[in-house]
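All figures in this text were calculated on a predicted structure; none of them were measured in a lab. Chain letters run A, B, ... following the sequence lines, proteins first and then strands; every chain starts at 1.
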Number of protein chains: 2
Amino acid sequence: MRGRPTTFNQDQILEKAQRAFWEKGFAATSLDDLLNATGMGSGSFYNTFKGGKKELFSKALQQRRQVFQEFKTQLKTSPSPIDDIKDFFRSIATADRDTHLRGCIISNTVVEMTFLDDALEKEAVTILKEVEAMFTWAIKQAQENGTVKNKTAPELLGRYLITVWNGLNISRRMYPNTKALSDLINLQLSVIG
Amino acid sequence: MRGRPTTFNQDQILEKAQRAFWEKGFAATSLDDLLNATGMGSGSFYNTFKGGKKELFSKALQQRRQVFQEFKTQLKTSPSPIDDIKDFFRSIATADRDTHLRGCIISNTVVEMTFLDDALEKEAVTILKEVEAMFTWAIKQAQENGTVKNKTAPELLGRYLITVWNGLNISRRMYPNTKALSDLINLQLSVIG
DNA sequence: TTATTTTTGTATCGATTAATACAAAATAGA
DNA sequence: TCTATTTTGTATTAATCGATACAAAAATAA
């Protein structure tokens, strides 16, 4: 390809933008914030992201989505997916303070975008539903091989778990400490059995 | 008192501002939005709310807080407070679509303000903790008179219920319909027993 | 009526917003 | 080398942001 070569790495740019959006949301993160966070000038920025701020935000969401996808791929090879999911929830409790305060960028986006941008809100909802489908799959699996005795419909238990996730990501900001959260998480997981 | 009399009613102004903030959050609700929603001119606005947009937002939060306080007062005279709380949760499922999409203005504020405004974030967290304390009180009450057999510490069950609230207010935007939510809510309430 | 006080409406402020214009820089292919 | 193509850096845009200035309007107290 002919022309001046790019000096910026797309994935690194997206990760830095993602971090900025994660903390302050879409509206409160200014273009200046993004240029400072990524080190780009506005020339490169609008050359790379022709759709402007919204395109960057969408790409940042999709980069975050990849992390969930990778977890899902990992689950497929696990001897006990439901236990991995339970471990994932239990590990939330021991995260550091800033991680608690940030919550989940996808849930945050649902909250912020509902009355602001239909496309971005739907994108976030879709990702949450993908995570929910992963929960449902793991529960169904565990019910079939007898690991989980609970006979409740796996779809309902999956919906329960995504709601636990959504709830924790707000409650962990009320109590950003391990002690308060671990009892809570264990109580919530006890529903699955 | 001497001087030109006010033409605006404070409570009505706050309710209209609250509705605007509830849908779009603090940052995305412009002063123009607020002036249109309330019908005030900027002269009256800054004369009434010397602290500007932030003071108005804080007052709107406090007006919402009053609704929770009134529910609490009502609970004190109830023969079975915990059943009233369960009914409250069950009634969420039958709300209309827009009510689902709006979620809880207090939870929304925690999400938005964490890295933007310490005072407003703390204000919102405090209100959520007040609601949590109400849950805890009702559970303790019910455990003492035998209505609730579950021996789990009331503080933990209260923390559980506020997390259910936080989670529902995101999940109801994923599934803004009665059928999906009522099964979910019943499952979550089954933990209390 | 007059003086005093407060609210209201309008015009406007400087700052910040997201986004563009455009030339210089840096490469690849001819 | 020369030309075509792309990226980069800087200057600048129009629009909107939250907030203020200030005089007219409207009341009360003297």
Name each donor-acceptor pair under 3.5 Å that joins a side chain in residues 185-193 of chain A to protein atoms two or more places apart or in another chain, with its distance.
from: A:Asn186; atom 1: ND2; to: A:Ser182; atom 2: O; distance (Å): 3.2
from: A:Ser190; atom 1: OG; to: A:Leu187; atom 2: O; distance (Å): 2.5

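- A:Glu130 and A:Arg65 are joined by a salt bridge, as a carboxylate oxygen and a charged side-chain nitrogen come within less than 4.0 angstrom of each other.
- Rounded to whole Å, atom C1' of C:dT17 lies 12 Å from atom CZ of A:Phe26.
- Atom CZ in A:Arg4 sits roughly 4 Å away from atom C1' in C:dA25 (whole-Å rounding).
- At whole-Å resolution of the value, CG in B:Leu34 and C1' in D:dT16 are 15 Å apart.
- Distance B:Leu31 CG to C:dA15 P: 18 Å, rounded to the nearest Å.
- Taking atom CG on A:Leu35 and atom P on C:dT16, their separation rounds to 15 Å, with Å as the unit.
- Legend: salt bridge (charged side-chain N to carboxylate O under 4.0 Å, His left out) pairs involving residues 144-173 of chain B, not counting sequence neighbours: none detected.
- Among residues at least two apart or in separate chains, salt bridge (charged side-chain N to carboxylate O under 4.0 Å, His left out) pairs with a member in residues 28-48 of chain A are A:Lys24-A:Asp33.
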Check: residues 112-119 of chain A side-chain donor-acceptor pairs under 3.5 Å, at least two apart:
from: A:Glu112; atom 1: OE1; to: A:Phe26; atom 2: N; distance (Å): 2.8
from: A:Glu112; atom 1: OE2; to: A:Phe26; atom 2: N; distance (Å): 3.3
from: A:Glu112; atom 1: OE2; to: A:Ala27; atom 2: N; distance (Å): 2.9
from: A:Thr114; atom 1: OG1; to: A:Val110; atom 2: O; distance (Å): 2.6
from: A:Asp117; atom 1: OD1; to: A:Ala119; atom 2: N; distance (Å): 3.1
from: A:Asp117; atom 1: OD1; to: A:Leu120; atom 2: N; distance (Å): 2.9
from: A:Asp117; atom 1: OD2; to: A:Lys54; atom 2: NZ; distance (Å): 2.6
from: A:Asp118; atom 1: OD2; to: A:Lys122; atom 2: NZ; distance (Å): 3.3

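- One can place CD1 of A:Ile13 at 14 Å from P of D:dT7, the figure rounded to the nearest angstrom.
- For B:Glu121, there are no salt bridge (charged side-chain N to carboxylate O under 4.0 Å, His left out) partners at least two apart in sequence or on another chain.
- For the pair A:Gln10 CD and D:dT7 C1', the computed distance is 13 Å after rounding to whole Å.
- Judged by distance alone with a 3.5 Å cut-off, no donor-acceptor contact links the side chain of B:Arg2 to the base of D:dA27.
- Applying a 4.0 Å cut-off to non-hydrogen atoms, the residues of residues 38-61 of chain A that approach DNA chain C are A:Ser42, A:Tyr46, A:Gly52, A:Lys53, listed by residue number.
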